[in-house]
Amino acid sequence: MPRDPSNPEDAAILRSFIPPELSIAQLELDDAIELASTRGVRVEQADAVGWLEDRLRDAAGSPTYTVVWHSLFWGYLDTDQQDAIEDILSRAARRTPIATVSYEPMELSGVARLQLRLRS
């Protein structure tokens, strides 16, 4: 269930996921919530495959990388969804540079790692 950072109730729910002993993580989340809410970030609930395909359909010809970010998300997808997303990213990368930034564990019960993958 996506949360709207400009909605105080949703922001409180997001904050509830960070344990009190992780004070730096709480500060970082507060900064992210403030930035997103002041920049007019729009939160949408959608199927990941269809949403990404719609966003990258017209990506073409820019020398600037389009960044696709996901965090603690990949493990919730089934293999068909993962394959579809990889296919969408590969097709888009033939038209324009794509950077995939992810914070995911290598295995479901593992520790998350920040990863960057450049596709062009």
Side-chain angles (χ1 to χ4, degrees):
M1 178 82 156
R3 301 294 175 181
D4 179 356
S6 65
N7 178 319
E9 290 179 14
D10 282 354
I13 291 170
L14 291 170
R15 287 183 181 98
S16 75
F17 292 108
I18 307 292
E21 63 272 14
L22 298 179
S23 57
I24 292 175
Q26 288 177 339
L27 293 172
E28 290 171 342
L29 178 60
D30 287 342
D31 288 346
I33 288 170
E34 181 181 348
L35 179 65
S37 63
T38 59
R39 299 289 177 150
V41 171
R42 188 173 49 132
V43 178
E44 300 175 13
Q45 183 170 350
D47 171 74
V49 174
W51 185 90
L52 185 62
E53 189 164 38
D54 288 346
R55 296 309 170 285
L56 295 180
R57 181 175 290 121
D58 298 326
S62 172
T64 305
Y65 277 84
T66 296
V67 177
V68 177
W69 160 265
H70 59 88
S71 175
L72 303 175
F73 157 78
W74 201 248
Y76 291 100
L77 302 175
D78 63 36
T79 304
D80 290 340
Q81 292 169 311
Q82 291 174 350
D83 291 345
I85 288 174
E86 287 295 332
D87 183 58
I88 291 165
L89 292 169
S90 293
R91 283 186 282 122
R94 290 185 204 120
R95 300 186 308 271
T96 195
I98 302 287
T100 305
V101 180
S102 62
Y103 185 69
E104 302 282 350
M106 297 301 283
E107 35 189 69
L108 193 55
S109 62
V111 175
R113 296 177 12 176
L114 184 63
Q115 300 171 63
L116 169 65
R117 184 173 173 195
L118 301 177
R119 305 165 187 244
S120 56

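Rounding to the nearest 0.5 Å gives a distance of 4.5 Å between CG of L116 and CG of L118. Taking CD1 from I85 and CZ from F73, the interatomic distance works out to 4.5 Å, rounded to the nearest 0.5 Å. Within the model, atoms CZ of R95 and OG of S120 stand 14.0 Å from one another, a figure rounded to the nearest 0.5 Å. In this structure, the separation between CG on D87 and CG on D80 is 12.0 Å, given to the nearest 0.5 Å. W74 contributes atom CH2, which lies 9.0 Å from atom OG of S102 (distance to the nearest 0.5 angstrom). Between the CG atom of L27 and the CG atom of L22 there is a distance of 11.0 Å, given to the nearest 0.5 Å.
For the pair E34 and R39, the salt-bridge criterion is not met [side-chain N within less than 4.0 Å of a carboxylate O].
Hydrophobic cluster membership is shared by I88 and L77, with clusters built from Ile, Leu, Val, Met, Phe, Trp and Tyr side chains linked at under 4.5 angstrom.
At least one side-chain heavy atom of L14 sits less than 4.5 Å from a side-chain heavy atom of I33. Between V43 and D10 there is no side-chain heavy-atom pair separated by less than 4.5 Å. Proximity of D30 to R15: side-chain heavy atoms (C-beta onward) are separated by under 4.5 Å at one or more points. At least one side-chain heavy atom of L52 sits less than 4.5 Å from a side-chain heavy atom of L89. Within the 4.5 Å cutoff, the side chain of S90 has heavy atoms near those of the R119 side chain. The closest side-chain heavy-atom distance from L29 to Q26 is not below 4.5 Å. The shortest distance between side-chain heavy atoms of H70 and V101 does not fall below 4.5 Å. Under the 4.5 Å side-chain criterion, counting only non-hydrogen atoms from C-beta, E28 is not in contact with I18.
Within 6.0 Å of CD1 in I24 there are 12 or fewer heavy atoms belonging to other residues, nucleotides or ligands. The number of heavy atoms from other shown groups lying within 6.0 Å of OH (Y103) does not exceed 12. Within a 6.0 Å radius of CD in E9, other residues, nucleotides and ligands contribute 12 heavy atoms or fewer.
Across all their heavy atoms, S37 and S6 have their closest contact at CB-CA, 3.6 Å.
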Exercise. What's the verdict on salt bridge (Lys or Arg N to Asp or Glu O under 4.0 Å) for D4 and R42, showing C-alpha distance, side-chain angles and the deciding distance?
Worked result: CA-CA 7 Å; D4 179 356; R42 188 173 49 132; over 6 Å; no

For this session: Begin from the C-alpha positions of R113 and E104 and carry the test side chain to side chain contact (heavy atoms under 4.5 Å, CB included) through to its verdict.
Result: CA-CA 5 Å; R113 296 177 12 176; E104 302 282 350; over 6 Å; no

Exercise. Stepwise, does the side chain to side chain contact (heavy atoms under 4.5 Å, CB included) test hold for M106 with Q115?
Worked result: CA-CA 10 Å; M106 297 301 283; Q115 300 171 63; 3.9 Å; yes

Problem set entry | CA sep, side-chain torsions, deciding dist, call: R91, E53, salt bridge (Lys or Arg N to Asp or Glu O under 4.0 Å) | CA-CA 10 Å; R91 283 186 282 122; E53 189 164 38; 3.5 Å; yes

